[in-house]
Amino acid sequence: MVAHRVAHRRPHRRIASAVLAAVAAATLGGCVSGPPYDQLLTGDEEVLAVAREHYTDARDRVAIALLDGDEVRTAFVSADPGTRFGFGGATSALTGLLLADAIDRGEVAIDDPVSAHLDLGDAPAAGLTLGALATHRSNLPQDPLGPEAFQAGAVDGEAVPDRGGLDAMLARVAALDLVPELEYNPSDFDAALVGQAIAAASGTRFSDLLAERVLEPAGMTGAVVVESGDLLPDDLAQGHEWRGERVAPRGSGAYAPATGVAATIDDGVALARSVLDGPFAGSAALEPVADTRWPQIRVGYFWERIDAGDDGVDYIIGSAEGFTAAVLVDPSAGRAVVLLSNTEEAWPWVRLRPLLSLLVE
């Protein structure tokens, strides 16, 4: 494995001799180093080329994997295989696999109204079907993070409050009017409601259900469902919003099916493999059933498919809670790409297009 230090400022002359000594020592150890040690780049050169172009800030921590048959090539920016990242909105892909499984078991049906499993009274959202939610056609607003979405606020010196529990989330949803003009509109509410509906139908806590039916079969042994702040892993990277400000880590509460998983790059690789040729190959969650805003993209159960390669690329991209995660899979070619980053992206495809090019080259 090759390692490279990347510097973003010129060193002061007074430390030049120390720098040269450090470079020499690192080179002897298999690394090429340079001050001020803002980043450490390690891994496959072709994959690192993408990292060098798109991840140049000192705060960036990134893990990328390219799967081609049995081969896995990885690249890291100030991270390593043990670094955990928030899966952000890509958690919904796991909830989509769980939905397909629950349908197969007869626990829920795709046309079930969410109110068949969760108490929404006579709220406008009560009649939304699991299918409408799973294809982001619920007409619910995109960002549910108003004050009502949180538990009681923390006082100075206390931890950031977790996102609300199930009762708080349902009260929030019940107070919302649907917005038909939104049409295709991804919302955290979508996967949160689907996941909690499956949990209610099965009589099992969502985190336990996801671990048993998706994480363990997929081999995602390092993945954690962070429902509360006390479950935050010690090796979780510091997340940042798109302008670079730090995002305080917190538990996902009832929104765990939408944003609650933290995972390593090995977990992302395991998920990709499980979709390529493992237990979730051919899952109904991957099969497009509805259109999106873009003619080249259709959506299944949270997973989307873009016209690329021979038969299309199935993917999930999520950017939330200070992290961006993406898994892109080309089943016909037996290839996949995984990206984990500690910064939210306003438009993740800007950095994903080069990885898509690697996937379908």
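- The minimum heavy-atom distance linking Ala272 with Val327 is given by the pair CB-CG1, 4.1 Å.
- A salt bridge does not link Glu183 with Arg293: none of the charged nitrogens is closer than 4.0 Å to a carboxylate oxygen.
- A donor-acceptor contact shorter than 3.5 Å links the side chain of Asp44 to the backbone of Val47.
- Closest heavy-atom contact between Gly82 and Thr264: O-CG2, 4.1 Å.
- Looking only at distances, a side-chain donor or acceptor of Ser274 sits under 3.5 Å from a matching main-chain atom of Leu271.
- Of the possible polar contacts, none joining the Trp303 side chain to the Ala285 backbone as a donor-acceptor pair under 3.5 Å is found.
- Thr292 places no side-chain N or O within donor-acceptor distance of the main-chain N or O of Arg298, the cut-off being under 3.5 Å.
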Trace of the side chain to side chain contact (heavy atoms under 4.5 Å, CB included) decision for Phe302 with Asp190: CA-CA 9 Å; Phe302 299 113; Asp190 295 341; 4.0 Å; yes

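- At a threshold of 4.5 Å between non-hydrogen side-chain atoms, the residues Thr259 and Phe323 do not count as touching.
- Without hydrogens or angle criteria, Asp208 side chain to Arg205 main chain gives no donor-acceptor distance under 3.5 Å.
- Taking 4.5 Å as the limit, some side-chain heavy atom of Arg73 sits within range of a side-chain heavy atom of Glu71.
- Separating the CG atom in Leu236 from the CZ atom in Arg84 is a distance of 8.5 Å, to the nearest 0.5 Å.
- Judged by distance alone, the side chain of Thr95 and the main-chain N or O of Pro257 form a donor-acceptor pair under 3.5 Å.
- No side-chain heavy atom of Glu212 sits less than 4.5 Å from a side-chain heavy atom of Ser202.
- Residues Leu99 and Ile198 have side chains in contact (heavy-atom distance under 4.5 Å, counting atoms from C-beta outward).
- Donor-acceptor pairing under 3.5 Å is lacking for the side chains of Thr324 and Ser341.
- Using a 4.0 Å cut-off between charged side-chain N and carboxylate O, Arg353 and Glu53 make no salt bridge.
- The pair Arg243-Glu245 does not count as a salt bridge, with every side-chain nitrogen at least 4.0 angstrom from each carboxylate oxygen.
- A salt bridge links Asp188 with Arg163: the closest approach of a Lys/Arg side-chain nitrogen to an acidic carboxylate oxygen falls below 4.0 angstrom.
- Electrostatic pairing of Asp277 and Arg273 does not count as a salt bridge here, judged by no charged N lying under 4.0 Å from a carboxylate O.
- For the residue pair Asp162/Ser228, the side-chain donor-acceptor check at 3.5 Å is not satisfied.
- For the 3.5 Å distance criterion, the side chains of Ser187 and Asn185 fail to qualify, holding no donor opposite an acceptor.
- Taking the charged nitrogens against the carboxylate oxygens, Asp330 and Arg335 have no contact shorter than 4.0 Å, which rules out a salt bridge.
- Side-chain atoms of Glu344 come within 3.5 Å of backbone atoms of Gly322 as a donor-acceptor pair (strictly under, hydrogens ignored).
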Side chains of residues 113-127: which donor-acceptor pairs under 3.5 Å do they make with residues two or more places apart or in other chains?
residue	atom	partner	partner atom	Å
Ser115	OG	Ala126	O	2.8
His117	NE2	Asp112	OD2	2.9
Asp119	OD1	Gly121	N	3.2

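- Looking at Thr343 and Arg59, their side chains come closer than 4.5 Å, going by heavy atoms from C-beta outward.
- In this structure, the side chains of Leu355 and Ile64 come closer than 4.5 Å at one or more pairs of heavy atoms.
- Residues Ser252 and Glu227 bring no donor and acceptor atom of their side chains to less than 3.5 Å of each other.
- For the pair Gln196 (side chain) and Ala254 (backbone), a donor-acceptor distance under 3.5 Å is present.
- Side chains of Leu130 and Asp111 form no contact here, defined as non-hydrogen atoms less than 4.5 Å apart.
- Ring-centre distance between Tyr315 and Trp349: below the 6.0 Å cut-off.
- For CZ of Arg105, the number of neighbouring non-hydrogen atoms (other residues, nucleotides, ligands) closer than 6.0 Å is greater than 12.
- A salt bridge links Glu321 with Arg250: the closest approach of a Lys/Arg side-chain nitrogen to an acidic carboxylate oxygen falls below 4.0 angstrom.
- By the 4.5 Å heavy-atom criterion applied to side chains, Leu41 and Tyr55 are not counted as neighbours.
- Panel note: side chain Asp167, backbone Leu170; no donor-acceptor pair is recorded below 3.5 Å.
- Under the 4.5 Å side-chain contact rule for hydrophobic residues, Val247 and Trp242 do not share a cluster.
- For Gly244 against His240, the heavy-atom pair with the smallest separation is O-CD2, 3.3 Å.
- Closest non-hydrogen pair, Val329 versus Leu359, comes out as N-CD2, 4.4 Å.
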